[in-house]
**Student:** 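I am attaching a structure below and will ask some questions about it afterwards.
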Amino acid sequence: TVHLANAWILEDLFVTPESRGRGVASALLDRALQVARESGASGMFLETAYDNTTAQRVYELAGWTREGRFYKYNAPLHEPQG
């Protein structure tokens, strides 16, 4: 909103267990960044679980930086069941 430009959200990056450790995740990240840059996006972001240290290591090795300025909040859109 500050830049008034498109930003990309990378959702659900998944590599099958038998393909892990072969550079597949890094190749997918590289390609996603290439497409985002080619589209003129102002940025790209993703989220991962606190305990998903394997994914965090891949992202950080690829040059991604962890956000430290904001908390994420989710609003319930439906009444709780029960």
Side-chain angles (χ1 to χ4, degrees):
T1 57
V2 175
H3 299 290
L4 296 176
N6 291 330
W8 283 46
I9 303 170
L10 183 58
E11 297 271 355
D12 301 323
L13 179 68
F14 182 80
V15 177
T16 60
E18 60 273 7
S19 297
R20 294 176 186 162
R22 298 181 182 180
V24 174
S26 296
L28 290 170
L29 286 171
D30 288 346
R31 181 64 178 133
L33 287 169
Q34 179 185 3
V35 172
R37 286 182 185 116
E38 289 171 357
S39 77
S42 65
M44 185 173 198
F45 65 93
L46 59 80
E47 296 174 349
T48 190
Y50 294 119
D51 61 352
N52 192 347
T53 56
T54 301
Q56 293 165 23
R57 187 170 47 254
V58 171
Y59 303 144
E60 291 170 10
L61 286 172
W64 292 65
T65 57
R66 186 181 308 197
E67 173 62 59
R69 299 177 298 161
F70 300 98
Y71 288 110
K72 176 186 173 192
Y73 291 87
N74 298 305
L77 298 179
H78 303 283
E79 293 294 321
Q81 300 292 324

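Numbers here simply count residues along the sequence, with the first being 1. Computed from a predicted structure; not experimentally measured.
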**Student:** For the residue pair Leu33 and Trp8, establish whether any side-chain heavy-atom pair is separated by less than 4.5 Å.
**Tutor:**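 The answer is no; the side chains never approach within 4.5 Å.
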**Student:** List, one per line, each side-chain donor-acceptor pair under 3.5 Å for residues 44-51, sequence neighbours excluded.
**Tutor:**
residue, atom, partner, partner atom, Å
Glu47, OE1, Lys72, NZ, 2.6
Thr48, OG1, Asn52, ND2, 3.4

**Student:** Pair up each side-chain donor or acceptor in residues 12-19 with any protein partner under 3.5 Å, not counting sequence neighbours, and list the distances.
**Tutor:**
residue, atom, partner, partner atom, Å
Thr16, OG1, Glu18, OE2, 3.4
Thr16, OG1, Ser19, OG, 3.1

**Student:** Can you measure from OG1 (Thr65) to CD (Glu67) and round to the nearest 0.5 angstrom?
**Tutor:**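 Interatomic distance, Thr65 OG1 to Glu67 CD, rounded to 0.5 Å: 7.5 Å.
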**Student:** Has Ser39 got a side-chain atom pairing as donor or acceptor with Ala36's backbone, closer than 3.5 angstrom?
**Tutor:**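 Checking the backbone N and O of Ala36 against the side chain of Ser39, a donor-acceptor pair under 3.5 Å is found.
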**Student:** Would you say Leu10 and Leu61 are hydrophobically clustered, going by side-chain heavy atoms of ILVMFWY under 4.5 Å?
**Tutor:**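 No, Leu10 does not connect to Leu61 through the hydrophobic network.
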**Student:** Do Glu38 and Gln34 have side-chain atoms, one donor and one acceptor, less than 3.5 Å apart?
**Tutor:**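 Result is yes, a qualifying pair exists.
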